[in-house]
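Reading through the structure tokens given below for one structure.
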Amino acid sequence: MAVRACGLIIYRRLKSATSSKAADNIEYLLLQTSYGTHHWTPPKGHVDPGEDDLQTAFRETQEEAGLQAGQLTLIEGYKKELHYPVRGKPKTVVYWLAEVKDCNTEIKLSEEHQAFRWLKLEDACKFAEYEDMQATLKDVHQFLCSKK
């Protein structure tokens, strides 16, 4: 059976007068792990017994980035499942999309992470080394840009 994890792809819209294109004002939150290869990822973690997937995503986001559910707006219509092997075992990660209500909200990292960055799509894709995560970020960006 696959290991199951859930998380949120978190973004913010900067209030900028310099760009008329909404896409230029979107930044994504990535956290750098303090273990292993120190890869960059959205907040995510394993599902606890008795917890549903979305509860896990919000709990992990609170634990890893210090963001409470009330500080986020869950974006309807977006959910993405990634499947990949980790140490020879299958893993499934389910992501939802959420916007920070206040773009100046403080991020408070747990011990699991050593750094965070708000990144525009191109830089977020450079930091997220894995192709499936890069594709997911591009998919999210296209989804957001297609919404009014």
Legend entry - Approximate separation, where rounding is to 0.5 Å, of L8 CG and T61 OG1: 3.5 Å
Show me the donor-acceptor pairs, under 3.5 Å and distance only, between side chains in residues 48-58 and residues at least two apart or in other chains.
unit_1	atom_1	unit_2	atom_2	d
D48	OD2	R59	NH2	3.4
E51	OE1	D48	N	3.0
E51	OE1	T56	OG1	2.7
E51	OE1	R59	NE	3.4
E51	OE1	R59	NH2	3.0
E51	OE2	R59	NE	2.5
D52	OD1	L54	N	3.1
D52	OD1	Q55	N	2.8
D53	OD1	R4	NE	3.2
D53	OD2	R4	NE	3.1
D53	OD2	R4	NH2	2.6
Q55	OE1	D52	N	2.8
T56	OG1	D52	O	3.1

Legend entry - Main-chain N/O of Q114 paired with S34 side-chain donor or acceptor, under 3.5 Å: no
Legend entry - Check: Q134 side chain, C125 main-chain N or O, donor-acceptor pair, under 3.5 Å: yes
Inset, instruction - Determine whether P42 and Y95 make a side-chain contact, defined as any pair of heavy atoms from C-beta on separated by less than 4.5 Å. - result: yes
Output side-chain donor-acceptor pairs under 3.5 Å for residues 71-82, partner residues at least two apart or in another chain, one line each.
unit_1	atom_1	unit_2	atom_2	d
Q71	OE1	Q68	N	2.7
Y78	OH	D139	OD2	2.8
E81	OE1	H83	NE2	3.3

Legend entry - Residues forming a side chain to side chain contact (heavy atoms under 4.5 Å, CB included) with A115, sequence neighbours excluded: Q32, W40
Inset, instruction - State, with a plain yes or no, whether a side-chain heavy atom of W118 is found less than 4.5 Å away from one of I107. - result: yes
Legend entry - Between H141 and Y28: side-chain donor-acceptor atoms closer than 3.5 Å: yes
Inset, instruction - Could you list all the side-chain hydrogen bond (donor to acceptor under 3.5 Å, both in side chains) pairs where at least one residue sits in residues 98-108, not counting sequence neighbours? - result: Y11-E99
Inset, instruction - Before accepting this row, confirm whether a basic side-chain N of the pair K44/E60 lies closer than 4.0 Å to the acidic partner's carboxylate O. - result: no
Inset, instruction - Return the minimal non-hydrogen interatomic distance between K91 and A5, and the atom names on each side. - result: CE-CB, 3.9 Å
Inset, instruction - Report whether Y84 and V140 are members of the same hydrophobic cluster (ILVMFWY, side-chain heavy atoms less than 4.5 Å apart, transitive linking). - result: yes
Legend entry - Atom pair CG/OG1 of L97 and T136 - distance to nearest 0.5 Å: 11.5 Å
Inset, instruction - Take L29 and L67 through the test side chain to side chain contact (heavy atoms under 4.5 Å, CB included) and record every step on the way to the result. - result: CA-CA 11 Å; L29 177 65; L67 294 170; 4.1 Å; yes
Legend entry - Whichever hydrophobic residues join V47 through chains of side-chain contacts under 4.5 Å: none
Legend entry - Shortest non-hydrogen contact between L30 and F127, atoms and distance: CD1-CB, 3.9 Å
Legend entry - Connected via hydrophobic side-chain network under 4.5 Å: V86 and M133: yes
Legend entry - Non-hydrogen atoms of N25 and K120 that approach each other most closely: CA-NZ, 4.4 Å
Inset, instruction - Report the C-alpha separation of T41 and E64 in whole Å, then their side-chain angles, then the decisive distance to 0.1 Å, and conclude whether the side chain to side chain contact (heavy atoms under 4.5 Å, CB included) test is met. - result: CA-CA 11 Å; T41 177; E64 295 184 357; 6.0 Å; no
Legend entry - Whether H113 side chain and T33 backbone form a donor-acceptor pair below 3.5 Å: no
Inset, instruction - Work out which heavy atom in P43 is nearest to a heavy atom in I10; give both atom names and the distance. - result: CG-CD1, 3.9 Å
Legend entry - Heavy-atom side-chain contact between S110 and E63 under 4.5 Å: no
Inset, instruction - Can you see which heavy atom on F116 is nearest to which on L31, and at what distance? - result: CB-CD2, 3.6 Å
Legend entry - Residue pair V93 / V3, side-chain heavy-atom distance below 4.5 Å: no
Legend entry - Set of residues satisfying ring pair (Phe, Tyr, Trp, His ring centres under 6.0 Å) with respect to W96, sequence neighbours excluded: none
Inset, instruction - I would like to know whether L14 and E27 meet side chain to side chain contact (heavy atoms under 4.5 Å, CB included); could you show each step before the answer? - result: CA-CA 8 Å; L14 301 176; E27 290 183 337; 3.4 Å; yes
Inset, instruction - Calculate, to the nearest 0.5 Å, the distance between atoms CD1 and CG belonging to I26 and L137 respectively. - result: 11.5 Å
